[in-house]
There are 2 protein chains.
Amino acid sequence: MQKIHNLSKNQKIIFDLIDKSGGPMKAYSILFNVQKRGIKAPLQVYRALDKLVEIGKIHKIESRNAFIACQNSSCQVSKATAFSICESCENVSEISNSKLSKYLSNFSDNSGMKYSKYNLEFFGLCKKCKSK
Amino acid sequence: MQKIHNLSKNQKIIFDLIDKSGGPMKAYSILFNVQKRGIKAPLQVYRALDKLVEIGKIHKIESRNAFIACQNSSCQVSKATAFSICESCENVSEISNSKLSKYLSNFSDNSGMKYSKYNLEFFGLCKKCKSK
DNA sequence: TAACAGTATGTAATAATATAACATTTACAA
DNA sequence: TTGTAAATGTTATATTATTACATACTGTTA
């Protein structure tokens with residue numbers, strides 16, 4: 001059973017923007033886009049982003065310092081994320097592959113470490129950019 | 001056959017520092033540490049870091065904006081990196097697991113994307129921190 | 001060895017990303 | 001209705017990284 005999160009005003013404004021954009025967005029680009037809606041300061045954006053990441057509605061693309069809406073059916077996968085990133089056009093998409101996620105979620109080694117979360121980023125050329 | 005890279009003066013200073021530290025280091029902490037050796041500006045640090053990353057002598061821990069010396073025997077794995085990160089003590093170590101790297105290097109999906117590189121970060125609690 | 005190309009360096013300024021500190025307000029359960 | 005957690009607003013500042021431009025070093029080859 002998934003907890004329903006009622007987004008606050010700022011969280012909703014910012015989530016909607018990222019979601020509609022269809023791709024990764026950077027914090028200050030988000031800020032610029034929501035200033036007309038009353039969100040004036042970086043901290044307001046970062047606070048909403050932190051919360052949205054925490055509840056799995058968005059993910060941070062670490063290598064790009066950007067945020068993307070969760071593309072998995074019900075955002076259950078905030079602790080097990082995988083992305084493919086085109087190094088030419090910077091298109092990003094979330095990889096949803098149950099074998100991969102199962103493999104990584106079950107991964108353990110002899111370090112004695114208990115893994116509770118992972119983030120995987122694949123880089124390469126997307127279909128379009130490959131054929132250029 | 002692996003290409004031998006002769007490190008330049010700044011590259012050597014910075015690599016030695018990171019390597020000796022035994023863990024991840026942040027750019028401005030590196031800067032602070034090498035100022036007595038004549039490296040005065042951030043750009044000098046970032047240029048050396050870029051090069052060291054490029055040739056695989058160090059890796060960037062994206063989620064921490066930090067750099068760590070490659071812990072694999074011969075630094076051949078700069079395009080296929082995996083790390084375990086303790087969220088409590090921030091200890092980081094490079095995972096060297098041939099099954100894992102084989103699995104990920106061979107990963108492909110139906111997106112039409114050609115993957116040439118990946119970076120994986122596992123998070124959790126290390127042995128020490130678990131038992132606290 | 002002169003000319004060249006590629007790589008590395010030095011320096012100043014500034015851009016881009018993110019957080020600290022503090023005051024106030026809202027949501028909502030006890 | 002009072003207590004508390006979450007969210008907001010605002011200013012300032014910390015941290016991370018790059019642009020732009022000038023100069024110097026290293027190794028190759030004509």
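Here is how names work: the chains are called A, B, and so on, in the same order as the sequence lines, proteins then strands, and each is numbered from 1. Worth saying up front: this structure is predicted, and the values here are computed from it rather than measured.
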Hey, which of these two, B:Lys9 or B:Pro42, hits DNA chain C nearer its 5' end, going by closest nucleotide? B:Lys9
[options]: which one has an atom nearest the side-chain heavy atoms of [X]?
X	options	value
B:Gln11	D:dT19, C:dC22, C:dA8	C:dA8
A:Asn10	D:dT19, C:dA20, D:dT8	D:dT8
B:Ala27	D:dG9, D:dA17, D:dT11	D:dA17

Report which part of the nucleic acid B:Lys60 touches: base, sugar-phosphate, or nothing (heavy-atom distance under 4.0 Å, all strands). sugar-phosphate
With respect to the phosphate group of [N], does any side-chain polar atom (N or O) of [X] fall under 4.0 Å of OP1 or OP2?
X	N	answer
B:Tyr46	D:dA17	yes
A:Ser8	C:dT26	no
A:Asn65	C:dA18	yes
B:Gln44	C:dT9	no
A:Lys26	C:dA16	no

Got a salt bridge between A:Lys117 and B:Glu87, using NZ or NE/NH1/NH2 to carboxylate O under 4.0 Å? yes
By nearest heavy atom, map A:Lys40 and B:Phe67 onto DNA chain D; which one lands nearer the 5' end? A:Lys40
Report yes if the distance between the aromatic ring centroids of A:Phe122 and A:Phe83 is under 6.0 Å, otherwise no. no
